[in-house]
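Below is one structure, written out as structure tokens; comments come after it.
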Amino acid sequence: MGVSDILELSAEATAAAAHAGELDPGELFAFYRSRAQEPEALELNCFCWLAAGVPDGSSAAEAPLGGVPLGVKDLFCTAGAPSQSGSLMLKGYIPPYTATAVQRALDAGAPLLGKTNQDEFAMGSSTEHCAFGAVRNPWDRNRVPGGSSGGSAAAVAAGLVPWALGTDTGGSIRQPASFCGIVGLKPTYGAVSRHGMIAFASSLDQAGPLSRSVRDAALLLGAIAGRDRRDATSVGLPEPLALPQRTDLEGVTFGVARELSAQAGAQAGGIEPGVQAAFERALELAMSLGARIEEVSLPHAALALSAYYVLAPAEASSNLARFDGVRFGHRSGDERARRELYAMYAQSRSEGFGAEVKRRIMLGTYVLSAGYYDAYYGQAQKVRTLIAEDFRRLFAGEGRAARGAAAPKVDFLLTPTAATVAFELGAVQSPWQMYLNDYFTVPMSLAGIPAISIPCGLSGKPGDSASGMPIGLQIAGPAFSEGPLLEVAHALEQALGFDGSPARRHRGLGHAHVNGAGGEAGGIHQGGPA
Amino acid sequence: MSAYEPVIGLEIHVQLATATKMFCSCAVAFGAEPNTLTCPVCLGLPGALPVANAQAVHFGLMIGQALGSELAPRSIFHRKNYFYPDLPKGYQISQYDEPLCRGGELEGVRIHRVHLEEDAAKLIHVGASGRIHGSETSLVDFNRGGTPLVEIVTEPDLRSAEQAGAWLRLLRATLRELGVSDVNMEEGSLRADANVSIRPVGSTQLGVKTELKNMNSFRFLERGIAAEIARQEAIVEGGGEVAQETLHFDPASGSLEVMRSKEQAHDYRYFPEPDLPPVLISEAMVKRARAAIPELPSARARRLRETLALPEQLARQLAFRGELYAYFEASLAAAGALQPTPEPRLIATWLSEELLPRAAGELETQGGNVPPAALAQLVALLAAGRLSVGGARQVLERMLAEGGDPAQIAAAEGLEALSDEGELARMVAEAIAANPQAAEQVRAGEGKAIGPIVGHVMRASRGRADGQAVSALIREQLGL
Ligand SMILES: [Zn+2]
């Protein structure tokens with residue numbers, strides 16, 4: 001099997017080839033490992049660490065995931081490999097244990113190829129706020145890959161790894177998937193264990209797959225989901241995931257919420273014409289496959305972003321308190337810090353955290369402070385409850401149509417994943433402008449429901465910020481509806497026929513040789529296999 | 001009599017004797033090598049998550065029911081945020097406005113709340129100061145970190161340092177009987193802070209309170225509270241106002257120093273712990289906790305009073321000290337097989353007044369040389385008149401030193417009560433003859449003068465004679 005053939009294959013097909021004995025998992029791993037070290041790959045800066053050796057693949061050929069290599073976001077703890085959450089605070093930190101989601105993927109036969117770059121502590125929507133350098137979008141290297149799981153998304157889109165794990169707190173899987181033209185799924189809160197994920201906002205963080213197809217996402221999610229006794233908030237999925245195969249949408253009703261569509265443009269900074277056109281084309285395709293489209297209302301969705309930017313920083317301010325320089329991570333060598341306890345705390349944290357992290361710690365500390373708690377945190381919790389209730393009613397058929405009439409039961413909600421395509425590096429400087437990237441993804445995070453982003457076209461309409469950049473379609477469903485959600489996503493994906501093949505897009509990268517020795521990767525930590 | 005009435009409330013932290021820690025599966029043990037009982041969870045490593053200990057919840061429910069509290073069907077954990085090296089996560093997982101139990105009462109002192117939380121790690125400061133500021137190095141032992149704690153908060157119903165001490169002893173006895181904690185103040189498994197204020201006698205308003213910390217024995221607790229009451233009285237007497245502050249009691253000097261003022265009070269930024277689902281209490285859990293509760297000290301004291309006719313003080317003493325009560329119960333059981341059966345009250349009195357002062361430390365090991373059955377036999381000999389009080393004391397001393405059967409010791413040592421009336425009569429006659437002047441005085445009506453004659457008989461009989469019988473016989477022979 002030739003090299004470019006491998007790049008054409010889905011992870012599922014690659015695993016099948018390994019199962020059939022047509023592919024040697026060891027060679028497969030070596031191929032991707034060497035590919036990730038090609039100069040053009042290094043330029044993307046997807047990885048902060050690559051496995052040094054090729055793991056023993058003898059059993060991988062029988063394992064469900066067939067030895068197909070996996071990229072893992074930096075914030076997952078991996079025993080023996082750095083787990084730094086994109087922060088100087090944790091530079092070189094090697095945890096003593098492996099996150100449950102990663103361990104399950106490893107156990108299912110997906111070896112760890114490398115750790116992927118991310119926004120520091122998952123706080124960002126561009127992967128520019130990374131202590132180990134910004135990640136670039138393989139579709140246009142002057143543009144961001146989205147974030148915070150930008151390294152995972154860019155690596156999958158560039159064909160540097162067949163699939164990857166990311167985490168999503170307010171859109172950190174879906175938005176980079178959208179920006180990079182791949183599939184990204186945020187599961188129901190509790191479907192995947194958070195044990196071993198370096199926490200950003202505990203009540204929102206959820207691990208999920210990034211892949212080039214819906215079936216690959218289902219395959220990887222099936223491996224990592226499940227109740228974990230080490231995460232008291234984990235529940236798993238109600239039943240094992242079957243690989244989706246649906247190609248029609250007969251009997252499916254999609255809702256389009258006025259608060260999360262074109263009319264909402266103003267607050268989201270305006271939906272680009274190309275994004276709106278691609279979204280409308282997706283709706284037409286859905287109808288052509290037999291689906292009904294209903295205009296619905298999520299009355300409190302417009303408040304979601306404000307509530308999110310109270311709740312997530314509040315939890316983060318507490319979650320990040322453990323980075324105090326006492327037991328692990330950065331400790332200031334400053335003279336005063338060596339003598340005085342509180343100077344040690346302040347100096348270590350000042351040096352270890354980046355600007356965005358500090359901003360959110362301050363925000364979070366403020367909203368939890370005596371005298372402000374009720375006005376901010378308390379109110380935001382109420383908004384969160386209202387939003388969850390909006391979604392519950394929508395999916396239970398108790399929702400309202402756009403003009404106040406009773407709405408029919410809606411099976412899924414459709415929205416653009418983001419209002420724009422990937423922006424240029426450095427183009428978004430205002431924090432609030434950056435936060436607006438999460439406008440369409442945050443409501444589902446607050447409600448804890450599953451949502452997937454699939455590519456639905458390329459930009460290029462007059463008025464678009466860029467041409468030829470991928471656009472994402474978000475499909476959200478009720479809690480624990482991953483099975484049916486993946487089925488309809490698959491049907492839409494097949495009808496949309498989006499071609500994101502890295503082999504055709506990046507011919508330079510497609511010519512790596514199996515077993516070819518890659519150049520020593522600049523800036524990439526090398527270590528033993530985890 | 002002071003013109004002020006002290007108003008005292010206690011906040012008690014109890015380390016639970018669970019097998020594992022509050023939120024991880026590390027063993028709970030005192031005295032292990034530092035930092036050997038740790039894991040990513042109790043070290044606060046990145047990515048580690050807490051999982052609540054079901055046994056700790058069970059113990060919490062037992063305590064709540066023992067104190068007559070209302071058990072919350074749903075309670076939640078909160079994070080209490082502050083930075084300190086003994087707090088690896090930068091927050092303590094505790095309970096805030098939705099605790100496990102509310103209300104309750106123990107011997108007239110109302111309980112405000114009972115909640116679950118985790119203990120901090122232990123700091124060891126190397127250097128002269130013994131405190132973190134000014135120490136050369138500070139070391140952290142995370143073995144204790146994450147140990148399950150129950151915090152019990154009383155209403156301000158205590159009115160003196162002694163009452164506070166006595167009540168805390170009762171609480172300790174209750175917790176020990178429940179088997180939920182080692183309740184050892186020196187080892188820190190029972191810790192008490194006190195909120196103290198004073199007010200003019202007759203007033204019903206609460207004064208400004210101070211919080212006293214670090215009183216790690218009953219003696220220090222009572223001394224600390226007494227010192228604080230005196231300090232507050234002096235302030236008010238001098239026309240000043242008590243400031244709301246937290247005080248540190250130094251047992252060495254007996255002084256109180258200010259740890260922090262109201263202005264320096266932490267803003268803990270409590271918020272619901274997102275890593276833990278609510279604690280839901282089922283009817284079955286409540287039943288299981290209720291079934292696990294044994295007879296508790298205050299109920300036991302009542303029973304000893306009412307069914308065994310023990311006096312109040314004696315009943316409380318036996319009921320509130322688990323090892324003492326266990327000894328008493330075993331002794332009572334052994335006495336049941338003896339003829340004649342000695343009165344429970346006599347056994348209790350001998351245990352409390354004779355054995356305890358002589359062998360306090362040995363009661364935990366069931367009396368050492370004097371097991372409960374032996375005390376029962378001794379008291380039975382006394383009750384049957386075969387030993388005098390003095391003789392019984394001598395036998396007890398011998399038993400404590402060497403062990404053995406009281407009847408055999410009495411026989412071998414010739415300590416049995418003089419039952420031979422002729423011999424006793426002879427001894428009395430000799431004593432009267434040896435003390436003619438005293439005999440004359442007794443005859444003349446000076447009752448007290450009988451002492452030297454009785455003493456003579458007691459010496460001659462080596463304590464075997466019964467004092468009352470001797471007095472009666474002397475009077476008889478003197479023709480009175
Ligand atoms: Zn532990």
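In this text the structure is predicted, and so the values were computed from the model without any measurement. Each chain gets a letter, A, B and so on, in the order its sequence line appears, and its residues count up from 1.
There is no contact between A:Phe121 and chain B, counting heavy-atom distances below 4.5 Å. In this structure, chain B has a heavy atom under 4.5 Å from the backbone of A:Ala314, while its side chain stays farther away. Neither the backbone nor the side chain of A:Ser193 comes within contact range of chain B, judged by heavy atoms closer than 4.5 Å. A:Ala370 touches chain B through backbone and side chain together, each having a heavy atom under 4.5 Å away. Contacts between B:Asp275 and chain A at a heavy-atom distance below 4.5 Å involve backbone atoms as well as side-chain atoms. Interface residue A:Phe323: only side-chain heavy atoms are found under 4.5 Å from chain B. Within the 4.5 angstrom heavy-atom criterion, only side-chain atoms of B:Tyr91, from C-beta onward, approach chain A. No part of A:Phe76 comes within reach of chain B, as not one of its non-hydrogen atoms sits under 4.5 angstrom from that chain. Only the side chain of B:Pro40 comes within contact range of chain A, with at least one heavy atom under 4.5 Å from a heavy atom of that chain. Heavy atoms closer than 4.5 Å to chain B are found in both the backbone and the side chain of A:Asn319. The contact between A:Arg327 and chain B is made entirely by side chain atoms (from C-beta outward), counting heavy-atom distances below 4.5 Å. Neither the backbone nor the side chain of A:Arg339 comes within less than 4.5 Å of any heavy atom of chain B. For B:Tyr268, no part lies under 4.5 angstrom from a heavy atom of chain A.
Contact check for B:Phe83 versus A:Arg349: side-chain heavy atoms found under the 4.5 Å cut-off. Residues B:Cys39 and A:Tyr97 fail the side-chain proximity criterion, which asks for heavy atoms closer than 4.5 Å. A 4.5 Å side-chain heavy-atom check between B:Phe271 and A:Ser317 finds every atom pair outside the cut-off. Inter-residue side-chain proximity for B:Tyr84 and A:Leu341 is flagged as met; some heavy-atom pair is nearer than 4.5 Å. Residues B:Pro272 and A:Tyr377 form a side-chain contact, since some pair of their non-hydrogen atoms from C-beta on lies under 4.5 Å apart. With a 4.5 Å cut-off on side-chain heavy atoms, A:Pro95 and B:Leu45 do not count as touching.
Looking at B:Asn81, its side chain never comes within 3.5 Å of a backbone N or O of A:Ser318 through a donor-acceptor pair. In this structure, the side chain of A:Arg322 engages the main chain of B:Gly44 through a donor-acceptor pair within 3.5 Å.
When only modelled atom types and interatomic distance are considered, A:Tyr373 and B:Arg269 share no side-chain donor-acceptor pair under 3.5 Å.
The number of heavy-atom neighbours closer than 6.0 Å to OH of B:Tyr82, taken from other residues, nucleotides and ligands shown, is above 12.
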